[in-house]
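Have a look at the structure below, then the notes.
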Amino acid sequence: MYLSSLSSVARRSGATLSRGTRPPPTTLSTTSTLNTTTPFASVFRQKHASNQQTRSSSHSPMGTPPTNPRKKVTIGTLRAMHKRGEPITMITAHDFPSAHVADAAGMDMVLVGDSLAMVALGMEDTSEVLLEEMLLHCRSVARATRAAFTIGDLPMGSYEIAPEQALETAIRFVKEGRMQGIKLEGGKEMAPTIAKITRAGIPVLGHVGLTPQRQNALGGFRVQGKTSDGAMKVLEDALAIQEAGCFAMVLEAVPAEVASIITDKLSVPTIGIGAGNGCSGQVLVQVDMTGNFPPGRFLPKFVKKYGDVWSESLRAIETYRDEVKSRQYPAPEHTYPIPKDELEAFAETVKDV
């Protein structure tokens, strides 16, 4: 492209440039003296002006790239972490900003959970969210995630009918949602489905214990494994989906001691949520742990509130409201200047309008 561009310039200016011959090196800077009549000088001015252009509107909030970007987390990374006993961190995200901050904070995995039904779409529970809605949010998260391993949650109704249906949905999450793996709920009964998906080369994160999509069959959001028989069922489910090919599994709402025993019996990582710190890693819903909700909202026992995003956002927006009402905002530093003579000319022109 370099030679082609210079050849074109040379032809227009009457100069010649032999094939395979590079021109003598030229040092250019913003203080260089250029012959403004040459096409090359014109091209340089245009490109330089373009580079110096200042945006006057909102744009992608990616910001300055980190000086030492993290290496991409892969299945191999997660297996190595599990082997050396390093806890795996996972958090949910449902859009570009929540994924951007999760990735910047160093999360190992980002889950586009079906909990977005409630925290992003205002629904009553996860059973309402549609496949197309999940794919939309997955694409948004994928655009912001550079290092974390991304997982998309298959919504209720998109994988239970048959393994073929589940595989078709999983493929859409990878191709359209740009996810690197998928998550689905269920134990022994879902093993054939998990095997079907993993044989197609798509990583599967399992989910046993409390499975929210089936909360109506469980009698609500109830802790699982509180009896010997119940704990054995959770273990049997975990072993079955491990055998089917899950690279890891979520253990939700299981007594900590039970979760620790199950974790020890498995060869793949467990990601706990309400299952104690004996699991291989932990996951929380981002909106819950950052405190991005009004006072009085119910929180499960296992949630620790690490921030108060709601109060900070409320304070900022209320201050903005007050400054607009009092005309403190926008101040002169928030506006764009115009040369005095141009303003006077404009004012004179519109006198009779």
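What's counted below: heavy atoms across the whole structure, side chains too, no hydrogens, waters or symmetry copies.
The side chain to side chain donor-acceptor pair (under 3.5 Å) pairs that include a residue from residues 89-98 are T89-D108, D95-S98, where partners are two or more places apart or lie in different chains. Listed by first and then second residue, the salt bridge (Lys or Arg N to Asp or Glu O under 4.0 Å) pairs involving residues 130-145 are E132-R172 (not counting sequence neighbours). Applying the side chain to side chain donor-acceptor pair (under 3.5 Å) test to every pair with at least one member in residues 152-163, sequence neighbours left out, gives these pairs: D153-K183, Y159-Q213. For residues 291-301, the pairs satisfying side chain to side chain donor-acceptor pair (under 3.5 Å) are D288-R297, with sequence neighbours left out.
Considering only residues two or more places apart in sequence or on other chains, E318 meets the salt bridge (charged side-chain N to carboxylate O under 4.0 Å, His left out) condition with none of them. Legend: residues meeting side-chain contact (heavy atoms from CB on, under 4.5 Å) with V73, ordered by chain and number and at least two apart, are R70, T77, L78, F149. Taking the salt bridge (charged side-chain N to carboxylate O under 4.0 Å, His left out) definition, one finds that E243 meets it with nothing, sequence neighbours left out. Residues satisfying the side-chain hydrogen bond (donor to acceptor under 3.5 Å, both in side chains) test with K196, not counting sequence neighbours, are none. Partners of C138 under the side-chain contact (heavy atoms from CB on, under 4.5 Å) rule, at least two apart in sequence or in another chain, are V112, F173, M179. Applying the salt bridge (charged side-chain N to carboxylate O under 4.0 Å, His left out) criterion to E86, with sequence neighbours excluded, gives R84. When the salt bridge (charged side-chain N to carboxylate O under 4.0 Å, His left out) test is applied to E342, no partner is found at least two apart in sequence or on another chain.
Listed for the T198 side chain is a donor-acceptor partner under 3.5 Å among the backbone atoms of A195.
Ring pair Y329/H334 is tilted by interplanar angle, where 30° to 60° counts as tilted.
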Mind listing the side-chain donor-acceptor pairs of residues 343-353 below 3.5 Å, one per line with the distance, residues two or more places apart or on another chain?
from, atom 1, to, atom 2, distance (Å)
E348, OE1, K351, NZ, 3.0
T349, OG1, A345, O, 2.8

